[in-house]
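Okay, structure first, notes after.
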Amino acid sequence: MSFDPAKPTLLSTLVRHYDELVDHIRRRFGDRSMARDVVHDVCVQLLERGEKEDVRTPLALLRKISHDAAVSRYPVSYTHLTLPTTPYV
């Protein structure tokens, strides 16, 4: 894979737009800590699996990957929530 400085990599885009990606997940799921964990997991995936080639819109792809990672993580964290025990009247 050749490096083209005019074409940003997924990893460089993640670093440049880290806060934006975290806010994107936080707005959808309401938990900033979980959003940071998700974006960190995406970063690790990129480092382990390598770059995808010919990505036209790297930020859009990172949003999609982050959202999908958050959705797969959400049911696990959702089970830790406590529901109110008072009956609805």
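Throughout, numbering of the chain's residues begins at 1 and tracks the sequence.
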Task: Those residues that, when tested against His17, pass side-chain hydrogen bond (donor to acceptor under 3.5 Å, both in side chains) (two or more places apart) - done: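 Per chain and number, His17 pairs via side-chain hydrogen bond (donor to acceptor under 3.5 Å, both in side chains) with Glu20.
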TODO: For Arg36, enumerate each residue passing the side-chain hydrogen bond (donor to acceptor under 3.5 Å, both in side chains) test, keeping only those at least two apart in sequence or located in another chain.
DONE: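 Result, side-chain hydrogen bond (donor to acceptor under 3.5 Å, both in side chains) vs Arg36: none returned.
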Task: Donor-acceptor contact below 3.5 Å, side chain Thr9 vs main chain Ser12 - done: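 Looks like yes, one N/O pair under 3.5 Å.
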Open item on the list: I'd like to know if the side chain of Ser72 and the backbone of Ala69 have a donor-acceptor N/O pair within less than 3.5 Å.
Closed with: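 Yes, because the side chain of Ser72 sits within donor-acceptor range (under 3.5 Å) of the backbone of Ala69.
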Salt bridge (Lys or Arg N to Asp or Glu O under 4.0 Å) partners of [X], counting only residues at least two apart:
{"X": "Asp19", "answer": "none"}
{"X": "Asp23", "answer": "Arg26, Arg32"}
{"X": "Arg28", "answer": "none"}

TODO: List in chain and number order the residues that pass side-chain contact (heavy atoms from CB on, under 4.5 Å) with Arg49, two or more places apart in sequence or in another chain; answer none if no residue qualifies.
DONE: Gln45
Task: Separation between CG of Leu62 and CZ of Arg16, rounded to the nearest 0.5 Å - done: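 CZ of Arg16 is found 10.5 Å from CG of Leu62.
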Task: Inter-residue atom distance Leu46.CG - Asp41.CG, 0.5 Å rounding - done: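 Result: 11.0 Å between the selected atoms.
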Task: Single hit among Asp37, Asp68, Asp31 for salt bridge (Lys or Arg N to Asp or Glu O under 4.0 Å) with Arg73 - done: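 The single option meeting the salt bridge (Lys or Arg N to Asp or Glu O under 4.0 Å) with Arg73 is Asp37.
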Task: Aromatic contact, His40 with Tyr18 (centres under 6.0 Å) - done: yes
